[in-house]
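Since the structure is predicted, the reported quantities are computational estimates derived from the model, not experimental observations. Start at 1 and go down the list; that is how both ligands and their atoms are numbered.
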Amino acid sequence: MIAKCPSVLLIYTGGTIGMIENPETGALENFNFDQLLRHVPELKRFNYRISSYQFDPPIDSSDMEPLYWAKLVKIINYNYDYFDGFVILHGTDTMAYTASALSFMLEDLSKPVILTGSQLPIGTLRTDGKENLITSIEIAAAKDENSNAMVPEVCIFFENHLMRGNRTTKINAENFNAFRSFNYPPLARVGIHIKYEPHLIRKADPKKPLKPHYLFDTNVVILTLFPGIQESIVESLLHSKGLKAVVLKTFGSGNAPQKPWFVRLLKEATDRGIIIVNITQCSSGAVEMERYETGIHLLQAGVISGYDSTPECAVTKLMFLLGHGLSHKEIRYKMNSCLIGEITKKEW
Ligand code: ASP
């Protein structure tokens, strides 16, 4: 029997990775994907079937929007049966938001969706883009001993770590090691070998069809607390027209000022049906509102725990749940449940 050659669809959305330096002007210009093989001839050595799709025009990831997430999901859904895995080339700035959003949108995913990018364009001499691209393709095509995808998850691969996408945050604006997953260990470490951690990787059921989701409601805001925060500002923010949910970035293990005006404003907002989710400003660790009196006040005001969620994940999860017309009660319940490995809760 002839073994089927692995197949990967590359989707280029934009960002530094897909740029080359114009040798005459020195300016960075967007890469034409038809020329991919010319710039990364190493891809030929894979012996894979690699196809590509390019956003036209490519976008800087600062312009990323739910509309583009829906476009990515449409492309993946349309091509789902024809490829073993998908690699999304994306600007690094908002990659963690896209990875989080896709993890909720691609329900029952059983194939790898690997996001990657680079700090230096693929056409420059010291680029980190080639290695990131080549390793991501290898991971997207990797199978286990039963011929199932090795990593059936939405992930970010960067530098030498494969991370669960909805656990990842950009932590450095210039180092090659630009992403970190503080609250969940890497799914694979990459050196001479790619060392997968099967016990950390989500188990998928390849018999289940992919269920794509497209809807988002963006009436959410992130409010970061700081000593000296003003009552009038918090009040006007919580009365913003259309506001449906707030990601509240609190201190330490979920603590906030105990001032009566602050707790009152939060309580009034939750009574009006606004969902307020408490996550910590710290890079790692979880919210435990029962631990200090300052946290208990928040619980009494109707604030719910975001556990150890990243801000990127908390905000995209809220947008996703709000977009699906769920009741207030259901959204609060789902925010406190682990849907796709995004928070540390025992039942998952
Ligand atoms: N501004 C770029 C972007 O996120 C930076 C990068 O690609 O790393 O699209």
Side-chain angles (χ1 to χ4, degrees), residues 9-22 25-33 35-36 39-40 43 52-73 75-76 86-103 105 113-137 139-140 154-182 186 190 216 218 222 283 310-313 315-316 319:
L9 179 64
L10 275 181
I11 307 169
Y12 173 53
T13 64
T16 304
I17 190 166
M19 294 179 163
I20 42 168
E21 211 174 64
N22 182 319
T25 63
L28 290 180
E29 292 175 356
N30 274 313
F31 200 91
N32 180 348
F33 248 62
Q35 298 167 19
L36 181 72
H39 290 289
V40 196
L43 292 183
S52 63
Y53 181 96
Q54 178 170 2
F55 274 29
D56 187 18
I59 57 160
D60 187 287
S61 77
S62 307
D63 287 321
M64 198 35 90
E65 290 274 350
L67 192 81
Y68 294 118
W69 296 337
K71 178 171 170 160
L72 284 169
V73 169
I75 297 167
I76 292 171
F86 301 84
V87 172
I88 300 177
L89 301 179
H90 194 291
T92 55
D93 292 346
T94 63
M95 194 188 291
Y97 290 89
T98 298
S100 297
L102 294 183
S103 73
M105 296 168 88
V113 173
I114 315 294
L115 286 97
T116 196
S118 68
Q119 297 283 55
L120 279 176
I122 213 150
T124 57
L125 210 51
R126 286 194 309 111
T127 185
D128 51 331
K130 271 194 190 185
E131 261 179 53
N132 286 348
L133 171 62
I134 289 168
T135 309
S136 296
I137 292 175
I139 293 169
V154 178
C155 302
I156 288 183
F157 174 74
F158 220 85
E159 182 69 355
N160 42 23
H161 287 132
L162 179 72
M163 294 157 280
R164 175 167 292 159
N166 56 29
R167 293 294 196 140
T168 308
T169 298
K170 182 172 179 183
I171 49 124
N172 201 303
E174 51 186 64
N175 279 2
F176 286 158
N177 226 327
F179 287 86
R180 196 69 65 76
S181 163
F182 287 103
V190 177
F216 276 84
T218 52
I222 300 179
S283 307
T310 62
E312 294 90 335
C313 178
V315 80
T316 50
M319 290 197 282

Chemist: Of all heavy-atom pairs between S136 and V87, which one has the smallest distance, and what is that distance?
Modeler: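 The pair with the smallest heavy-atom distance is O-CG2, 3.6 Å.
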Chemist: Does T16, backbone or side chain, put an N or O under 3.5 Å from an N or O of ligand 1?
Modeler: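 Right, the criterion is met.
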Chemist: CD of E131: more than 12 outside heavy atoms within 6.0 angstrom?
Modeler: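 Counting other residues, nucleotides and ligands, CD of E131 stays at 12 neighbours or fewer.
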Chemist: Output, in order, the C-alpha distance, side-chain angles, deciding distance and verdict of side chain to side chain contact (heavy atoms under 4.5 Å, CB included) for L43 and I137.
Modeler: CA-CA 9 Å; L43 292 183; I137 292 175; 3.5 Å; yes
Chemist: For atom 1 (N) of ligand 1, which candidate among T13, I17, D60 holds the nearest heavy atom?
Modeler: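 Nearest option to atom 1 (N) of ligand 1, by heavy atoms: D60.
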Chemist: Any atoms of ligand 1 less than 4.0 Å from a non-hydrogen atom of G15? List them with their elements.
Modeler: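 By the 4.0 Å cutoff, the relevant atoms are 7 (O), 9 (O).
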Chemist: May I ask you to identify the nearest protein heavy atom to atom 4 (O) of ligand 1, giving residue, atom name and distance to one decimal place in Å?
Modeler: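 The closest heavy atom on the protein side is S61 OG, 2.5 Å.
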Chemist: Going by the side-chain contact (heavy atoms from CB on, under 4.5 Å) test, name the single residue among I114, I76, T98 that passes it with I88.
Modeler: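 Going through I114, I76, T98 one by one, the side-chain contact (heavy atoms from CB on, under 4.5 Å) with I88 is satisfied by I76 alone.
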Chemist: Does any N or O atom in S62 lie less than 3.5 angstrom from one in ligand 1, N or O only?
Modeler: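 No, since none of the N or O atoms of S62 sits under 3.5 Å from an N or O of ligand 1.
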Chemist: Write down the atom of T127, the atom of P121, and the distance for their closest heavy-atom approach.
Modeler: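 That would be OG1-O, 2.8 Å.
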Chemist: Inspect the surroundings of CZ in F55 and state if more than 12 heavy atoms from other residues, nucleotides or ligands are less than 6.0 Å away.
Modeler: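 Result for CZ/F55: enclosed.
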Chemist: I need the atoms of ligand 1 closer than 4.0 Å to a non-hydrogen atom of S118, numbered in the order shown.
Modeler: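 Selected atoms, number and element: 8 (O).
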Chemist: Would you check whether T92 has a nitrogen or oxygen atom less than 3.5 angstrom from a nitrogen or oxygen atom of ligand 1?
Modeler: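 Between T92 and ligand 1 (N or O atoms, distance only) the closest approach is under 3.5 Å.
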